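In what follows, chains carry the letters A, B, and so on, assigned in the order in which the sequence lines appear, proteins first and then strands, with residues in each chain numbered from 1. From a predicted model like this one, the values you see are computed outputs, not experimental measurements. We use all heavy atoms of the structure for the numbers below, so side chains are in, but hydrogens, waters and symmetry mates are not.
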There are 2 protein chains.
Amino acid sequence: MPGKTDLSELNCSLARTLEVVGDWWTLLIIRDAFLGVRRFGDFQRSLGIAKNILATRLERLTASGIMTRAGSDARPTYQLTERGRELMPAMVALMQWGDKWVSANNPPVAVTDDKGRAVAPVRLRSAGGEVSAQSVRFRPGPGANARTRSFFRELEAARNDAPAPAGSR
Amino acid sequence: MPGKTDLSELNCSLARTLEVVGDWWTLLIIRDAFLGVRRFGDFQRSLGIAKNILATRLERLTASGIMTRAGSDARPTYQLTERGRELMPAMVALMQWGDKWVSANNPPVAVTDDKGRAVAPVRLRSAGGEVSAQSVRFRPGPGANARTRSFFRELEAARNDAPAPAGSR
DNA sequence: CTGTATCCTTAAAGATACTG
DNA sequence: CAGTATCTTTAAGGATACAG
């Protein structure tokens, strides 16, 4: 993107994740890798991506430890590392969302375990069981900086303002 | 992005998802919305995003039914719809990945349920229990088009080629 | 405060030719 | 086959001024 902002200041793991895998091609390359694609040319044909773009992405992905390059130098293969494979839940969750809300429950790709049993919709869980989207809470974590902490403080203040402006006036 | 490719041809729910929410700002706006941000100016300050960019994103998000605009026209609030809230698992999964692999297990933001109990790392499950990234399988789904089917066929062929060229030669 | 309208900059995407 | 090197295009991002 043109005047690309540096998101690293945002002190947020989501922003940090997006800095590494946050563009279309990167995510789709990882998807292909999950599917079993290994070769430069196969990625290229599968995605219809220009060679220079693909080369850049693969280099970035190997540099950030998400994929490894192996095999002959003339005809290497690219594979996901553990770091990369651990993106699986996020990828599947994104796919499931698209299955439901964009593909109208008519998934182009089915996800199963190795015995062909469907992977269930991804859910959030805590010690108390399933956590609905409504009941999820966010708060500053151990890695929060001053800006993040004040952000949450202000958020809290705004929440106390809006819903109950009765007695205050 | 400049010469933006039309991913809708890719016949993949991930690509389709990325067409809707697949850029930095959109995802970060949704994150903020999850955190409780509601107002134009708050999004703007929180993210450090230009006003026109924010306006475009909010319009796209409401047009695609992920957020709704409510309240006075002069000072509206933006909230996630169900469609938007269902992105929660994917967002949290992405955050968790960043927590572990980029923020070095020092999360800026902690995610809990409404009783303060930590949300567990997102896992994939099937009728057989937890599904490891290694054992996940993909196959053409009901919505697969001819291109997707042949893609999987070729992938299968390649897999049979590489690992066992013994008897064939 | 919440936008819209402009203008400008720039970097990302793509096409193409070429190399080991 | 797997890239690298260029060149061009273009649209996204940002800044600013202005409006309701």
Trainee: Let me know the distance between CG of L28(B) and P of dA12(D), rounded to the nearest Å.
Mentor: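 About 18 Å, once rounded to whole Å.
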Trainee: At under 4.0 Å, does any side-chain N or O of Y78(A) touch on OP1 or OP2 of dC1(D)?
Mentor: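 No, no such contact exists.
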Trainee: Taking the side chain of N52(B) as its heavy atoms from C-beta onward, which of dA15(D), dA15(C), dG13(D) lies nearest to it?
Mentor: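 Of the candidates, dA15(D) comes closest.
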Trainee: When rounded to the nearest 0.5 angstrom, what distance separates CD in E59(B) from CG in L54(B)?
Mentor: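 The CG atom of L54(B) is 11.5 Å from CD of E59(B), to the nearest 0.5 Å.
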Trainee: Could you tell me the separation between the CZ atom of F43(B) and the P atom of dC1(C), rounded to a whole number of Å?
Mentor: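 F43(B) atom CZ is separated from dC1(C) atom P by 15 Å.
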Trainee: Please test R60(A) against R57(A) for side chain to side chain contact (heavy atoms under 4.5 Å, CB included), starting from the C-alpha separation and ending with a verdict.
Mentor: CA-CA 5 Å; R60(A) 191 185 297 173; R57(A) 290 299 184 283; 3.9 Å; yes
Trainee: Using the closest heavy atom to pick a nucleotide of DNA chain C for each, name whichever of R75(B) or A74(A) lands nearer the 5' end.
Mentor: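 Closer to the 5' end of DNA chain C: R75(B).
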Trainee: Measure from the side chain of K51(A), starting at C-beta and using heavy atoms only, and say which of dC18(C), dA15(C), dG3(C) lies closest.
Mentor: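 Nucleotide nearest to K51(A)'s side chain: dC18(C).
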Trainee: With no hydrogens and no angle check, just 3.5 Å: does a side-chain donor-acceptor pair link S46(A) and D32(A)?
Mentor: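 Indeed, the side chains of S46(A) and D32(A) share at least one donor-acceptor pair under 3.5 Å.
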Trainee: Mark yes or no for whether R31(B), through its side chain, and M91(B), through its backbone, hold a donor-acceptor pair below 3.5 Å.
Mentor: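 Checking the backbone N and O of M91(B) against the side chain of R31(B), no donor-acceptor pair under 3.5 Å is found.
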Trainee: Rounded to whole Å, please give me the gap between CG in D73(B) and C1' in dT2(C).
Mentor: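 Rounded to the whole Å, the gap is 9 Å.
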Trainee: Output the rounded distance in Å from CH2 (W25(B)) to C1' (dA12(D)).
Mentor: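 Checked: the CH2 to C1' distance equals 12 Å.
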Trainee: From the list dG3(C), dA13(C), dA2(D), which nucleotide is the closest neighbour of the side chain of I53(A)?
Mentor: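 For I53(A), the side-chain atoms sit closest to dA13(C).
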Trainee: How long is the straight-line distance from CD1 of I49(B) back to CZ of F43(B), given to the nearest 0.5 Å?
Mentor: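 Taking CZ in F43(B) and CD1 in I49(B), the distance rounds to 10.0 Å.
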Trainee: Rounded to whole angstroms, how far apart are CG on L54(A) and P on dA15(C)?
Mentor: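 My rounded result for the distance is 14 Å.
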Trainee: If each of R57(A) and R69(B) is mapped to the nucleotide of DNA chain C with the nearest heavy atom, which maps nearer the 5' terminus, i.e. the 5' end?
Mentor: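 Per heavy-atom nearest nucleotide, the more 5' residue is R69(B).
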Trainee: Measure from CD1 on I49(A) to P on dA12(C) and round the result to the nearest Å.
Mentor: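 Going from CD1 in I49(A) over to P in dA12(C) covers 14 Å.
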Trainee: Taking CG from D23(A) and P from dA12(C), how many angstroms apart are they, rounded to a whole number?
Mentor: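 Spelled out: CG on D23(A) to P on dA12(C) is 10 Å.
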Trainee: May I have the distance from E59(A) (atom CD) to dA5(D) (atom P), rounded to whole angstrom?
Mentor: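 Atom CD in E59(A) sits about 10 Å away from atom P in dA5(D).
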